[in-house]
Colleague: 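Structure provided below as structure tokens; questions to follow.
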Amino acid sequence: MSEQERVPDSIDAGTPNVARMYDFYLGGKDNYEVDREMARQVMRHVPDLPFIARENRAFLRRAVRACVDAGVRQFVDLGAGLPTQGNVHEIAQGAAPGSRVVYVDIDPVVLSHARALLMNVDGVTTIQGDVRRPDEILAHPELRDLIDFREPVAVLMVAVLHFVQDDDDPYGVVARLRAEMAPGSHLVISHITADKQTPTVRDAARIYDRASAAVRQRSQAEVTRFFEGMELIEPGVTTLSLWRPDADLGPPADADRQWALAGVGRMP
Ligand SMILES: C[S@@+](CC[C@H](N)C(=O)[O-])C[C@H]1O[C@@H](n2cnc3c(N)ncnc32)[C@H](O)[C@@H]1O
């Protein structure tokens, strides 16, 4: 988006927005100067952020393929983000035609872009929802039309739970979602970690206090707790690039440069 472009009244273009900052890290065009300015500030502390964002997307692709391989044909992508390359429906439907996908995001910009892009794609819908209010998401009629919770479902919470503060009961949110998931369902999580927290990373995270959502980094033990009652599939909760790396793409990217964790749980 250029600054000349008209900003719809419904969009708050004055506050740096976490969805659009992430789009900027990924090299996308759906961001404003206010987002780019804050993203550059963060990157002054952590120049590797674009690399981490790309590794996060690569994890998402591998995790969706693993869910398809496990027989899952329905996906709920919470905090889906702006459409980019290798969206969940492209991976899932590419591997298993007929797979159904519901994208959920709090952000109206995400919603309008996703709706425009996906208008004519069968088996895919986008709804507005706040992960902190799982009951509202689960009761949404468009989600209920597409997703049958009596069958296995993959619930994706990729790079979104770190925007849920402790006061908003992230473990209660995930427990509510897990309660709905039939045996054979999968929970996919990636999360900014506190384990490698250096003053630099801490400073970078604090910059988000002035964005549309603040960041709460969590340790490996804290991230693992989200999978309570599930079987963590191999290799457990790891750095992004170490989660089932594609053997044909060479050695996994440098784990020391990534301050994010990833894991997939299976409902027994
Ligand atoms: C870093 S992006 C991740 C996008 C995508 N899941 C990925 O990993 O590539 C985080 C997304 O979560 C969304 N988000 C943040 N807080 C949210 C909330 N409370 N409910 C729903 N979505 C939220 C943001 O709007 C943004 O699109």
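We count ligands from 1, going down the list as the structure has it; atoms in each ligand are counted the same way. Computed from a predicted model, the values in this text were never measured in an experiment.
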Colleague: At under 4.0 Å between heavy atoms, which part of Thr84 makes contact with ligand 1: side chain, backbone, both or neither?
Modeller: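 It is neither; nothing of Thr84 touches ligand 1.
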Colleague: For atom 15 (C) of ligand 1, grab the closest protein heavy atom and report residue, atom and distance to one decimal in Å.
Modeller: Phe163 CD1, 3.9 Å
Colleague: Does an N or O from Tyr22, backbone or side chain, lie closer than 3.5 Å to an N or O of ligand 1?
Modeller: yes
Colleague: Output every pair passing salt bridge (charged side-chain N to carboxylate O under 4.0 Å, His left out) with a member in residues 118-143, not counting sequence neighbours, ordered by first then second residue.
Modeller: Asp130-Arg132, Arg132-Asp168, Arg133-Glu136, Asp135-Arg176
Colleague: Does at least one non-hydrogen atom of Ser190 fall below 4.0 angstrom from an atom of ligand 1?
Modeller: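 Contact check Ser190 vs ligand 1: negative.
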Colleague: With respect to atom 3 (C) of ligand 1, which of Val160, Val158, Val188 exhibits the smallest heavy-atom separation?
Modeller: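 Going through Val160, Val158, Val188 one by one, Val158 has the nearest heavy atom to atom 3 (C) of ligand 1.
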Colleague: Identify, for atom 19 (N) of ligand 1, the protein heavy atom at the shortest distance, and state residue, atom and that distance.
Modeller: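 Scanning the protein heavy atoms, the shortest distance from atom 19 (N) of ligand 1 goes to Asp130 OD1, 2.9 Å.
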Colleague: Which is it for Ala80 and ligand 1 at heavy atoms under 4.0 Å: side chain, backbone, both or neither?
Modeller: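 Just the backbone.
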Colleague: For atom 25 (O) of ligand 1, grab the closest protein heavy atom and report residue, atom and distance to one decimal in Å.
Modeller: Asp105 OD1, 2.6 Å
Colleague: At what distance is the nearest protein heavy atom to atom 8 (O) of ligand 1, and which residue and atom is it?
Modeller: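 The closest heavy atom on the protein side is Asn56 ND2, 2.8 Å.
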Colleague: Give the residue, atom name and distance (to 0.1 Å) of the protein heavy atom nearest atom 23 (C) of ligand 1.
Modeller: Ile106 CG2, 3.5 Å
Colleague: Taking the minimum heavy-atom distance to atom 4 (C) of ligand 1, which of Ala159, Ala213, Gly79 ranks first?
Modeller: Gly79
Colleague: Using side chain to side chain contact (heavy atoms under 4.5 Å, CB included) as the criterion, list what pairs up with Leu143, not counting sequence neighbours.
Modeller: Val76, Val102, Ile127, Ile137, His140, Ile147, Phe149
